[in-house]
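Mind looking over this structure? Questions follow.
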Amino acid sequence: MININDDKEVSKYLKNSMSEKEISKMTAKERKEKAQELMTPEERKVLSVQNKFKLNNYTFDSVYNAPYYKEAANKVERLHKYIEDGMRYKGDRPVLLDTAQKTARGIMRKYKKGIGKHIAALEEWQQNYITAFNNERANYHNPQEILLQRQDYENMINSMNDRDLKNYVKNINRGTVLNDFEVNYLLNRVKDNDGMHKVVSLYKEVNNIGKEYKNTKEWKEVQSSLGILRVYKNSPLFYKAPEDGESISRKAINVTDMGNRMLARYSAGNNLQAETRRKIEGGEDLFASEDE
């Protein structure tokens, strides 16, 4: 299934029925419309499902665009500045450390709560997507046509001798992608041959036979996001947004240990005076909002 919003994929798709010269004269919108016209009924059904579940808000976007992440990143920076200012104005070390530790725990607690909700939303989307995807496919297929296709496949496989069957399995990746019924029928046919059975089983797994929704762009994007979110959920660290070329950021901050680390060599013992406290930007409101 092509990504109808990717002009390169659309142009490649159109080459099956049009010349490059004809394609080049069309606008991107015209190419997209033409590709939809040329789609098979089944491809249109799949596209319809994809359009129902467009990834159009932060729930399906990068974790780094999520409000809970942006809030946490902002507060981590403010906490760092709070500690720096506290040392600059000779604040009391125990007070600074206690405030920093409590604030850090609050920041991370709220951050992890946001990640948990994000994961739950994506997992719910996946379940809904599977149901809709399978329903659309079921609505399209004609039961009589399916029965005839299955009979034709059974007859073809049953007519093969051992040598033909071995060649068929050997070249299974070169032909049309098999459907769930065909793969399972073939698996049963070669069940007594470990070598061929492994080849067909691998083919089924690699091509997501019976789980074709996993081949869609939307599913892959959500699955990728879930992988990153689960890493972050299980880590005690806060990760900065990745740089170009990184899938998961290598820049991690131990927020809960920030106070100990920054105040390790600080030994000033003066209590914070009221005027000094006001100069430590974000100190009080950071702390006040973290135990929610």
Side-chain angles (χ1 to χ4, degrees), residues 55-123 221-222 224-292:
L55 314 184
N56 54 10
N57 58 57
Y58 97 86
T59 302
F60 308 104
D61 204 348
S62 163
V63 58
Y64 313 106
N65 292 327
Y68 69 85
Y69 177 86
K70 291 181 177 180
E71 179 183 346
N74 176 264
K75 289 192 173 183
V76 168
E77 288 185 9
R78 289 170 61 195
L79 175 59
H80 189 278
K81 189 174 189 306
Y82 166 76
I83 299 171
E84 282 187 333
D85 286 352
M87 292 188 291
R88 182 184 305 124
Y89 296 115
K90 307 299 181 183
D92 183 53
R93 186 181 189 281
V95 173
L96 289 173
L97 183 59
D98 181 64
T99 302
Q101 290 177 332
K102 288 180 179 178
T103 301
R105 288 195 295 269
I107 291 172
M108 291 303 292
R109 183 164 54 248
K110 193 170 183 180
Y111 169 64
K112 291 298 180 73
K113 185 177 180 180
I115 290 178
K117 289 182 177 180
H118 199 159
I119 290 174
L122 290 181
E123 290 176 339
E221 287 182 356
V222 170
S224 175
S225 293
L226 277 170
I228 293 172
L229 286 167
R230 286 167 181 150
V231 169
Y232 290 177
K233 183 182 180 183
N234 294 323
S235 172
L237 308 176
F238 177 82
Y239 290 82
K240 289 188 174 182
E243 297 178 351
D244 292 342
E246 292 182 333
S247 56
I248 294 181
S249 176
R250 291 190 287 270
K251 291 184 177 180
I253 302 172
N254 189 336
V255 179
T256 54
D257 193 49
M258 185 183 290
N260 284 323
R261 188 176 65 256
M262 293 181 67
L263 295 167
R265 297 183 179 181
Y266 177 74
S267 59
N270 297 326
N271 287 325
L272 292 174
Q273 300 300 317
E275 182 63 26
T276 305
R277 181 185 294 271
R278 281 197 292 272
K279 293 179 181 178
I280 301 175
E281 181 185 343
E284 290 184 59
D285 72 297
L286 260 177
F287 174 67
S289 65
E290 297 313 331
D291 284 320
E292 298 175 0

Separation between NE2 of H80 and CG of D85, rounded to the nearest 0.5 Å: 10.5 Å
Heavy-atom closest pair, residues G259 and A100: CA-CB, 4.0 Å
Non-neighbouring partners of Q101 that pass side chain to side chain contact (heavy atoms under 4.5 Å, CB included), sequence neighbours left out: L97, R105, N260
Side chain proximity check, K233 to H118, heavy atoms < 4.5 angstrom: no
Closest non-hydrogen atom pair, G91 against Y266: O-OH, 2.6 Å
Contact check, side chains of Y111 and V255, non-hydrogen atoms, under 4.5 Å: no
From I115 atom CD1 to I228 atom CD1, the distance as rounded to the nearest 0.5 Å: 11.0 Å
Side-chain donor or acceptor of T103 paired with backbone N/O of T99 under 3.5 Å: yes
R230: salt bridge (charged side-chain N to carboxylate O under 4.0 Å, His left out) partners, not counting sequence neighbours: E123
Step-by-step side chain to side chain contact (heavy atoms under 4.5 Å, CB included) determination, M258 to V76: CA-CA 9 Å; M258 185 183 290; V76 168; 3.9 Å; yes
E84 atom CD, over 12 foreign heavy atoms within 6.0 Å: yes
Main-chain N/O of S235 paired with K112 side-chain donor or acceptor, under 3.5 Å: yes
By ring-ring contact (aromatic ring centres under 6.0 Å, His included) - contacts of Y69 (at least two apart): Y64, F238
Shortest non-hydrogen separation from A104 to T256 and the atoms involved: CB-CA, 3.7 Å
Euclidean distance, I253 CD1 relative to K240 NZ, rounded to 0.5 Å: 4.5 Å
Separation of R93 CZ from I83 CD1 (nearest 0.5 Å): 10.5 Å
Among D98, L96, D92, side-chain contact (heavy atoms from CB on, under 4.5 Å) partner for P94: D92
Spatial distance of atom CD (E77) from atom NZ (K81) [nearest 0.5 Å]: 11.5 Å
Exercise: identify the closest heavy-atom pair between N254 and R261: O-NH1, 3.6 Å
